[in-house]
**Student:** 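One structure, as structure tokens, below. Some questions next.
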Amino acid sequence: MTASNPLFADRLIAWQEQYGRHDLPWQVSDPYRIWLSEVMLQQTQVGTVIPYFLNFIARFPDVAALASASPDDVLAAWSGLGYYSRARNLHRAAQMLVNSHGGHFPQAPEALIELPGVGRSTAAAIAVFAFGARAAILDGNVKRVLARWAGIEGWPGEKRVENTLWQLAESLLPSSGIAGYTQGLMDLGSQVCTRTRPCCGACPVKEDCVACIAGRQSQLPAPKPRKTIPERHVVLLLIRDARGRIFLERRPPAGIWGGLWSLPEAQDTLSAASLCACRYGVNVDFDPPLPDVRHTFTHFHLAITPLPGAVNGAVVVTDSGTGWFDLVDIETLGLPAPVRRLLK
DNA sequence: AACGCGGGGCG
DNA sequence: CGCCCAGCGTT
């Protein structure tokens, strides 16, 4: 926050009143519906949840109805939503509520979290929407909003980062208007501060958003680190002419091997001939591919399939980005190491 | 084809 | 605590 901006929470509350969602079927006072919606929304988006929610409520209108239903009926109503342990936990929790809480929901997040299927964030959401508790939620949308706004580095799945986010989420809570604030945070994350292509122009907190100011929306929050680096595959074309020269192409200035001379690259062996005809205007007869060569970069493995081929007669090259080279001249060119190795 | 999603269960 | 899983939708 800067001195010239109203509080983060106040801007979010005002935004939610004007642009947020107010007509969702679980925006009611019934804790049962709020709980059900929060569990359904744990791994599933709003648009998918709505019909399941309406059907579920029609079949099991209250906690008692759910508690006394058969597991099969509950699972049937859940069928298609996925993560079926949610339905089993829901059923168990309904029975706990009937047997141990007189069929009523406890109000404190610390009590709600005891229900199976209710974690810290879901407990807070229920407590906020059903009972007006002053508690912080931290779901995927909120993590993204806060990580961007405050410029929090690191992957939010990492404990250290998550602790920081929880702390921030608590510190930003308003003293009043908690439900509108919490709904606003959710709505902002799902409608404006989206994972890809966020609509920062429509954001009520863009003025002091670290990611927006620095243009780092695509870098925050940091993605989950991959343990196995991805494997990429290219076909490199070893095209010779009648004089034994090799055909090279200068690579685009940005990206892998930027600006270096290299062998033409094809997606696969089958498209190589049409690519040569289309892009270079030469007809090439390709031989069977040579065995793959593997090369490891920092961020991915590259499997190279060398594909030898021949054109007949001399070919005049007009494009300055391509050319025919004698093998002896290639020594003096700037070539990527694996390509140089391949040519030997 | 890989990723993201909240919570639970495991070692 | 870190690690993995669940199932569907999105990218």
Side-chain angles (χ1 to χ4, degrees), chain A residues 26 34-53 55-56 71 74-97 109-129 135-148 152 154-166 169 182-183 185-199 217-234 267-268 299-303:
Chain A
W26 46 82
I34 292 165
W35 165 57
L36 175 63
S37 73
E38 288 303 328
V39 173
M40 284 187 167
L41 289 165
Q42 275 169 4
Q43 353 274 345
T44 315
Q45 296 207 325
V46 167
T48 308
V49 162
I50 288 174
Y52 284 90
F53 175 85
N55 177 61
F56 204 97
V74 177
L75 277 174
W78 202 271
S79 177
L81 266 185
Y83 278 90
Y84 297 96
S85 63
R86 288 185 293 171
R88 289 188 289 271
N89 285 332
L90 203 70
H91 196 203
R92 277 179 56 213
Q95 292 171 340
M96 283 174 57
L97 287 167
E110 307 81 58
L112 288 163
I113 206 172
E114 299 299 321
L115 297 172
V118 176
R120 180 172 173 183
S121 187
T122 301
I126 298 168
V128 165
F129 293 128
I137 63 161
L138 192 66
D139 64 13
N141 282 332
V142 178
K143 285 177 180 173
R144 189 171 54 250
V145 170
L146 297 186
R148 281 180 176 157
I152 293 170
W155 176 52
E158 195 185 322
K159 199 63 188 171
R160 253 197 70 259
V161 179
E162 195 179 3
N163 288 343
T164 304
L165 287 165
W166 272 116
T182 304
Q183 188 66 48
L185 216 40
M186 292 173 159
D187 291 349
L188 190 74
S190 64
Q191 298 173 26
V192 172
C193 194
T194 49
R195 195 160 67 83
T196 54
R197 302 179 43 135
C199 315
Q217 296 94 327
S218 69
Q219 298 165 20
L220 294 170
K224 174 183 182 149
R226 302 197 187 179
K227 40 173 45 120
T228 58
I229 60 179
E231 175 109 15
R232 275 159 57 173
H233 182 246
V234 293
Q267 299 242 316
D268 50 66
H299 294 101
F300 60 95
H301 296 293
L302 188 63

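The figures here come from the full heavy-atom set of this structure, side chains too, leaving out hydrogens, waters and symmetry mates. Residue numbering restarts at 1 for every chain, and letters A, B, ... go by the order of the sequence lines. Since the structure is predicted, the reported quantities are computational estimates derived from the model, not experimental observations.
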**Student:** Judged by each residue's nearest nucleotide on DNA chain C, which is more toward the 5′ side, A:Arg195 or A:Leu81?
**Tutor:** A:Leu81
**Student:** Quick one: is A:Tyr83 getting a side-chain N or O under 4.0 Å of the C:dC5 phosphate, OP1 or OP2?
**Tutor:** no
**Student:** Going by heavy atoms in the side chains, are A:Leu138 and A:Glu162 under 4.5 Å from each other?
**Tutor:** yes
**Student:** Rounding to a whole Å, what distance do you find between A:Glu162:CD and C:dG2:P?
**Tutor:** 10 Å
**Student:** Give the C-alpha distance, both sets of side-chain angles, the deciding distance and a yes or no for side chain to side chain contact (heavy atoms under 4.5 Å, CB included) between A:Val49 and A:Trp26.
**Tutor:** CA-CA 11 Å; A:Val49 162; A:Trp26 46 82; 3.7 Å; yes
**Student:** Which part of the nucleic acid does A:Val118 contact within heavy-atom distance under 4.0 Å: base, sugar-phosphate only, or nothing?
**Tutor:** sugar-phosphate
**Student:** On DNA chain C, does the nearest nucleotide to A:Arg160 precede the nearest nucleotide to A:Tyr84 from the 5' side, or the other way round? Give the residue.
**Tutor:** A:Arg160
**Student:** Using modelled atom types and a 3.5 Å cut-off, is there a donor and acceptor pairing between side-chain atoms of A:Arg144 and backbone atoms of A:Pro221?
**Tutor:**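 Between the backbone of A:Pro221 and the side chain of A:Arg144 there is no qualifying donor-acceptor contact (under 3.5 Å).
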**Student:** Using heavy atoms to find the nearest nucleotide of DNA chain B for A:Leu115 and A:Thr44 separately, return the residue whose nucleotide is more 5′.
**Tutor:**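 Nearer the 5' end of the strand: A:Thr44.
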**Student:** If I pick the C1' atom on C:dG9 and the same atom on B:dG8, what distance separates them, to the nearest angstrom?
**Tutor:** 22 Å
**Student:** Would you say the side-chain atoms of A:Asn89 pair up with the backbone N or O of A:Ser85, donor to acceptor, closer than 3.5 Å?
**Tutor:** yes
**Student:** Select one nucleotide: of B:dG4, C:dC1, C:dG9, the one nearest the side-chain heavy atoms of A:Pro223.
**Tutor:**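 The closest nucleotide is B:dG4.
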**Student:** Starting from C1' on C:dG9, measure out to CG on A:Leu41 and report it in whole angstrom.
**Tutor:**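 Value for this atom pair: 14 Å.
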**Student:** Are any of A:Thr196's side-chain N or O atoms less than 4.0 Å away from OP1 or OP2 of C:dT10?
**Tutor:** no
**Student:** Looking at A:Gln42 and B:dG7, is any side-chain donor or acceptor paired with a base atom of the opposite kind under 3.5 Å?
**Tutor:**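 No such pair is found, so the answer is no.
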